[in-house]
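One structure is given below, encoded as structure tokens.
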Amino acid sequence: MSSTTIGLGLAAIGRPQYINVRQGADHNKSEAYYRANAFKMLDFAYEQGLRHFDTAPSYGKGEEFLQQWYDQNKPKKLSLSTKWGYTYVANWNLEYNGAHEIKEHTLDKLLEQWSVSKNLLPALKVYQIHSATFESGVLENKEVLQKLFEIKNRTGLKMGISASGSRQTEILEFVAQISIKDKPLFESFQVTYNILEASTHKVLEGLIKSGRMVIVKEALANGRVFRNEDYKHYSRLYKDLESLAKKYGVSEDAVALRFIIDHLGPDVILSGASTAAQLTENLKAMSFKLDYQELLSLKQHAVNPDSYWNERKMLIWN
């Protein structure tokens with residue numbers, strides 16, 4: 001079996017709306033409800049053996065909830081990761097029509113958000129640039145890179161990035177080469193990778209072999225791996241996933257996660273579950289193994305990265 005572990009991402013737990021085509025039952029959208037649910041989910045995840053939790057200031061109250069839970073419980077052997085560079089601006093307004101989070105990859109934003117995120121130490125192990133891109137200029141901002149280097153040396157944190165978009169491969173290759181004083185600055189790479197979007201496979205394999213940490217996010221393609229009448233072009237994928245789910249006695253999400261474990265073998269796959277039932281189904285991915293032919297069949301469902309990301313742009317916050 002792979003050494004991959006499943007972690008819990010707080011993107012859908014820390015705020016009342018999230019980009020996902022698969023909607024759950026209506027429930028209370030108050031901040032109090034979400035705080036209680038976050039604590040419940042973190043408790044349940046920890047009881048199930050999960051030790052990696054990932055958040056960000058832009059995940060609504062996600063970082064705050066994680067900090068409060070951590071301070072109250074003082075759990076052992078945690079590996080927390082957070083990010084900087086996005087600010088949540090919807091402020092729990094369910095009618096908000098603009099972008100719910102705003103990117104700002106400046107030194108001022110790094111200093112502002114680090115002043116809060118550092119309170120997660122010593123459980124904090126990975127600190128990441130949130131959705132690093134060439135366009136934001138952050139990867140060539142010497143002031144920012146130097147400050148990250150100083151934080152890394154002072155705290156012992158793994159410095160990392162998260163990446164999104166059709167240029168993920170280029171970003172990963174570029175970031176892997178960034179060094180200060182002849183030492184690589186970045187040791188952790190959080191990437192969107194799933195059955196539909198596996199274009200980064202080769203570069204991720206190289207990073208894993210070199211001892212870098214690889215964290216997979218959006219493993220279920222924002223819910224697109226589940227049968228949906230709006231995505232009839234994935235009907236063959238749905239048929240294959242449902243057939244394998246029946247064979248192994250699990251749900252489709254477990255098969256989709258197992259594909260990533262057996263095909264890539266990253267350090268961590270982040271579950272985006274917001275309920276104990278969802279997380280329970282996700283964790284069944286650890287109970288079986290796909291064979292070579294099954295992996296080969298699922299690999300055929302990968303789509304062109306530009307098509308994948310253009311489709312993702314059309315998803316709404318709900």
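- No side-chain heavy atom of Ser274 sits under 4.5 Å from any side-chain heavy atom of Met41.
- Residues Trp84 and Val175 fall within the same hydrophobic cluster, defined by Ile, Leu, Val, Met, Phe, Trp and Tyr side chains chained together at heavy-atom separations under 4.5 Å.
- At a threshold of 4.5 Å between non-hydrogen side-chain atoms, the residues Trp309 and Gln168 count as touching.
- Under the side-chain hydrogen bond (donor to acceptor under 3.5 Å, both in side chains) test applied with Thr87, the options Glu101, Lys103, Lys109 reduce to a single match, Lys109.
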Intermediate values then yes/no, salt bridge (charged side-chain N to carboxylate O under 4.0 Å, His left out), Lys83 and Asp54 | CA-CA 9 Å; Lys83 313 171 190 72; Asp54 179 82; 2.5 Å; yes
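- In this structure, the separation between OG1 on Thr280 and CZ on Phe44 is 3.5 Å, given to the nearest 0.5 Å.
- There is no side-chain donor-acceptor pair under 3.5 Å between Ser188 and Gln190.
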Residue pair Lys246, Glu242: steps toward the salt bridge (charged side-chain N to carboxylate O under 4.0 Å, His left out) verdict = CA-CA 6 Å; Lys246 183 176 180 180; Glu242 289 163 3; over 6 Å; no
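- Ring geometry for Tyr248 against Phe288 counts as parallel: the plane angle stays under 30°, on a 0 to 90° scale with 60° as the upper cut.
- By the 4.5 Å heavy-atom criterion applied to side chains, Tyr46 and Lys76 are counted as neighbours.
- Between Ile215 and Gln128, some side-chain heavy-atom pair lies under the 4.5 Å cut-off.
- Atom-to-atom distance recorded for Leu298:CG and Leu237:CG is 7.5 Å, nearest 0.5 angstrom.
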Intermediate values then yes/no, salt bridge (charged side-chain N to carboxylate O under 4.0 Å, His left out), Glu135 and Arg167 | CA-CA 11 Å; Glu135 290 76 13; Arg167 300 183 71 187; 3.1 Å; yes
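- The aromatic rings of Phe134 and Phe174 sit perpendicular, their planes meeting at an angle over 60°, well past the 30° parallel limit.
- The aromatic rings of Tyr86 and His130 are tilted relative to each other, their planes meeting at an angle between 30° and 60°.
- Judged by the 6.0 Å and 45° rule, Arg224 forms a cation-pi pair with Tyr308.
- Using a 4.5 Å cut-off on side-chain heavy atoms (C-beta onward), Glu187 and Met159 make no contact.
- Two residues are said to be in side-chain contact when any heavy atoms from C-beta on lie closer than 4.5 Å; Leu157 and Leu121 meet this criterion.
- Within the 4.5 Å cutoff, no side-chain heavy atoms of Val225 are placed close to those of Asn194.
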